[in-house]
Amino acid sequence: RCLGRSLWRFRAIERPPEMSAQDGKPEVPAPFNALLGVRFVSWSEGRAELQLKITCDHLNGAFAVHGGVYATMLDNAVTFCAAFAGKGRPGHRCLTLSLTTSFVGAAVEGDVLTARARNAGGGRKLVFVQGEIVNQNGQRLAHGDAVIKRVAPSSSEPGRSGATEP
């Protein structure tokens with residue numbers, strides 16, 4: 001009934017140039033996040049949270065949310081958690097080195113999923129982050145652990161410039 005509707009909508013819209021680089025700002029969606037409909041809720045020291053309202057475009061053949069949606073939400077949450085460089089400053093540029101994901105519950109069309117991440121340790125360059133996804137009732141649907149590498153300091157640090165896209 002709605003197969004491909006969202007994909008067509010996004011192809012028909014010309015994206016502004018700023019969508020290709022987040023500049024460390026989660027409120028400016030990367031193209032893939034815009035396509036999915038991911039919305040960032042909060043970003044602070046050691047924490048990140050984002051949400052997604054599930055539509056029929058997020059479902060697999062069994063009419064449950066595709067596991068790739070969970071993995072994408074976790075990846076975004078843990079990466080932004082590690083990228084935080086201070087309030088009002090652009091984030092660090094980061095790469096996900098590993099992300100283990102456990103799928104423990106199903107979501108369906110109409111659900112609102114929240115991905116939360118928190119810093120679990122690490123240092124200046126390697127950060128260990130834990131994440132989870134819950135539905136609007138607080139039921140845990142997925143969780144994961146990640147190792148994130150900060151590949152460059154934020155552009156606002158002395159002596160540095162360039163991309164800061166997490």
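The analysis underlying the following values was restricted to heavy atoms, covering all of them including side chains, and did not include hydrogens, waters or symmetry mates.
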Which atoms form the tightest heavy-atom contact between [X] and [Y], and what is the distance?
X	Y	answer
R140	V104	O-CG2, 3.5 Å
A106	A64	CB-CB, 4.4 Å
H92	A82	CD2-O, 4.3 Å
V134	R116	CG2-NH1, 3.6 Å
V108	V65	N-CG2, 4.3 Å
F40	N33	CE1-ND2, 4.2 Å

How many angstroms lie between atom [atom1] of [X] and atom [atom2] of [Y], to the nearest 0.5 angstrom?
X	Y	atom1	atom2	value
D145	T100	CG	OG1	4.5 Å
H66	L36	NE2	CG	11.5 Å
H143	I133	NE2	CD1	10.5 Å
R150	K125	CZ	NZ	11.5 Å
L126	K149	CG	NZ	7.0 Å
W43	K87	CH2	NZ	12.5 Å

hydrophobic_cluster_shared for [Y] and [X], side chain cutoff 4.5 Å:
X	Y	answer
L35	L50	yes
F128	L99	no
V147	V78	no
F63	V112	no
V69	F103	yes

> side-chain contact (heavy atoms from CB on, under 4.5 Å) between V41 and T114: does it pass, once the steps are laid out?
Replying inline: CA-CA 9 Å; V41 175; T114 301; 5.8 Å; no
> Any sub-3.5 Å donor-acceptor pair from N76's side-chain atoms to T72's backbone N or O?
Replying inline: yes
>> I'd like to know if the side chain of N135 and the backbone of N137 have a donor-acceptor N/O pair within less than 3.5 Å.
In response: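 Yes, the answer is positive, given that a donor and an acceptor are paired below the 3.5 Å cut-off.
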> In a check of side chain to side chain contact (heavy atoms under 4.5 Å, CB included) between T79 and each of T96, L95, L74, which one passes?
Replying inline: T96
